[in-house]
Amino acid sequence: MDKYEKVFELAKRRGFLWNSFELYGGSRGFYDYGPLGSTLKRRIEQTWREFYVIQEGFMEIECPTIGIEDVFIASGHVGGFSDPLCECMNCKEAFRADHLVENVMEAAGTLSAEDLTKVIKENDIRCPECGGEFGDAYEFNLMFKTTIGPGTGRQGYLRPETAQGMFVDFQRLSRFYRDKLPFGAVQIGKSYRNEIAPRQGVIRLREFTQAECEIFVDPRNKKHPNFERFADKELVLYSQKGQEKGESFRMTVREAVKAGVIAHEVLGYNIALTNEFLTKVGIDPAKLRFRQHLKDEMAHYAIDCWDAEIETDRFGWVEIVGIADRTDYDLKAHARVSKTELYVYVEYDEPKMVTRFVVKPNMGKLGPVFKGKAKAVADALKHLSEEELSKDEIKVTVDGEELTVSSDAVGFAEETVKVSGENVIPHVIEPSYGIDRIFYGIMEHAYDEENVAQKVAESGLKGSEEAEKEAEAGKNEGETEGEEEARLVMHFASAVAPVQVAVLPLLTRKELSDPAKNIIVKLREKTLLVNYDDSGTIGRRYRRNDEIGTPYCVTVDYDTLEDGTVTIRDRDSMRQIRAPVKGIENVLYELIYRGRAFEFAGKPFNF
RNA sequence: GCGUUGAUGGUCUAGCGGCUAUGACUUGGGCCUUCCAAGCCCAAAACCCGGGUUCAAAUCCCGGUCGGCGCACCA
């Protein structure tokens, strides 16, 4: 059993992840988040909001998951989010049609399926596997299609990413932020891709959750106002050059930007922010790196792109976040398709006096000559250069027709005007998170099997002599019989643990369960996620809570009734302290949210 | 999508033509129990779906679904 299998077995058993539609035999590429999984995922998202919405100030928006065709024509998904496939008629193997013709011609990637079919036929390209003939090439689009409204309706697509919503709402967002760069917006939600062969559990899904942030910045200024915050933070970078050597290296954000490894400050800041977030939710820093996209891997319009990758037991390095400088590509694309200019007016520090050559068509003369076309002629004149306009007979082209305008119908002037700003198409910096993959990464990195006897000795639980003896005994047993007591524990960060506190009466008796329930009420008032469990021995219940990653257990015993104190037990160290019931909710809140050290939350206690 | 391999209680598994389907853990109820899963009693719980072969199918054959792996794919 590898770690993936173990994690999945636990995830299934404990209500984190289930195959969807299991009752009906299931369907590939879909997973249900069970009660604990759903809670864990929501807390990951909530932590993400704390970073991006609350700290960075990029407000969250919510757009439909169904989009109309124009949106995805502009984004390139209708044309480009598909692959031309071609199957061998003999052995049924499928190939990328454009890859097949690459040797025969250039720019194969731009050909349509029909053209590719033609090229394959003309050049008699055969199956590289068996030499069989190919069938027609066809486009396989990764977007789910649907129809909006009844009848012929309107073509709609399930969005393949949340990002387009922020681009489509660009003007509204700009106005909301009072047209002042930089600004940004985020969206957390479902996206859909009709993957050909989804696999690897939750790593590749047909319906998945993204958290995306689009930061609109002035293209002339990619310094970050808060750069110092992370400037000296050391990151593990796997740059283009590093990949040539197959070596990642550690470098501070400041150095990386200075050395040009990372393109600019805004990108550097966001990579560091991602690092911060992932560490906070429980990704193991030792299994995290930032890999730069290679030149041929990067979208043609992108300036620089880095993926956060985590190391997994079975799948190796897996991409979980992409952070890219997408330039003005998306806004320009939507501007073109929607025929609406998308820009932000940026004021200069000082207004500039600009002298320019201005064309003033004389409509009184143009009108009678060109009649209905006069307006178009006047517009065309405005676009001509000074040189062309200074000729006696000025030639303009209107609707493909060449017309001649006599120079006396056109006036010129040199004007000096005050210009106080200009229109700028912002560049977009896009951190894009795959929440489901992060979820899996957290599960795998949190998973641990521990030797209990050893653990007990280490943590000084029980008298030290006794513990050492037991540890020895445990070792000997282990060597001879191969059977050690293993503790299965999920070391979830308390920021995301789906259960934060378990309250346990030492024995299943009313005089203990009543005070336990009173404590639960107090904890819930502090909005802590609390479990109550009185079934089985106390040890069994500690183990149950270890398995679902509950950071702290509170145990009510007979001393509680006498002196008003309870035991708090720490999941990771298995150590215990004694603290008063009065104010217990504040102590736990501090432990969970304020990172207060366990040792200082109460009096150390051994049984 | 192609190939290959598998599918038995919640989980892991035994059985591989002749069962009322094995066992462990888990779970529920009760007893016991003063801090790290192990005591006692009781209980619940499974042959992926659809065809076929056979007197008889969890077991053999075919198709499907789902999972693993390889190839292809992963803007």
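Every chain is numbered from 1 and lettered A, B, ... according to where its sequence line falls, protein lines coming before strand lines. Because the structure is predicted, anything quoted here is derived from the model rather than measured.
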Assign [X] to base, sugar-phosphate, or nothing according to its heavy-atom contacts below 4.0 angstrom with the strands shown.
{"X": "A:Phe72", "result": "nothing"}
{"X": "A:Arg199", "result": "base"}
{"X": "A:Arg314", "result": "sugar-phosphate"}
{"X": "A:Thr537", "result": "sugar-phosphate"}

I'd like to know if [X] reaches the base of [N] with its side chain such that a donor and an acceptor end up less than 3.5 angstrom apart.
{"X": "A:Tyr542", "N": "B:rC35", "result": "yes"}
{"X": "A:Asn19", "N": "B:rC66", "result": "no"}
{"X": "A:Arg204", "N": "B:rC73", "result": "yes"}
{"X": "A:Arg28", "N": "B:rC66", "result": "no"}
{"X": "A:Arg569", "N": "B:rC35", "result": "no"}
{"X": "A:Arg543", "N": "B:rA37", "result": "yes"}

(request) Report yes or no: do A:Arg159 and A:Gln210 form a side-chain donor-acceptor pair below 3.5 Å? (result)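 No donor-acceptor contact under 3.5 Å links the two side chains.
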(request) For A:Glu319 and for A:Lys12, find the nucleotide of RNA chain B with the closest heavy atom, then tell me which residue's nucleotide is more 5'. (result) A:Lys12
If the [atom1] atom of [N] is compared with that of [M], how far apart are they to the nearest Å?
{"N": "B:rU26", "M": "B:rU11", "atom1": "P", "value": "15 Å"}
{"N": "B:rA46", "M": "B:rG9", "atom1": "P", "value": "9 Å"}
{"N": "B:rU4", "M": "B:rA56", "atom1": "P", "value": "31 Å"}
{"N": "B:rU22", "M": "B:rC12", "atom1": "C1'", "value": "13 Å"}
{"N": "B:rG67", "M": "B:rA57", "atom1": "P", "value": "30 Å"}

(request) Answer yes or no for A:Arg575 and A:Phe598: cation-pi contact, defined as NZ/CZ to six-membered ring centre under 6.0 Å and angle to ring axis within 45°. (result)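 The answer is no; the distance or angle limit is not met.
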With a 4.0 Å limit, can you tell me whether [X] has a side-chain N or O closer than that to the phosphate oxygens OP1/OP2 of [N]?
{"X": "A:Arg578", "N": "B:rC35", "result": "no"}
{"X": "A:Tyr24", "N": "B:rC48", "result": "no"}
{"X": "A:Ser535", "N": "B:rG28", "result": "yes"}
{"X": "A:Arg13", "N": "B:rG9", "result": "no"}

(message) In this structure, how many angstroms lie between the P atom of B:rU65 and the CZ atom of A:Phe30, rounded?
(response) 14 Å
(request) Carefully, step by step, assess A:Lys6 and A:Glu449 under the rule salt bridge (Lys or Arg N to Asp or Glu O under 4.0 Å). (result) CA-CA 10 Å; A:Lys6 287 175 174 175; A:Glu449 288 166 23; 3.2 Å; yes
(message) Measuring only between side-chain heavy atoms, which start at C-beta, is A:Leu40 closer than 4.5 Å to A:Tyr33?
(response) no
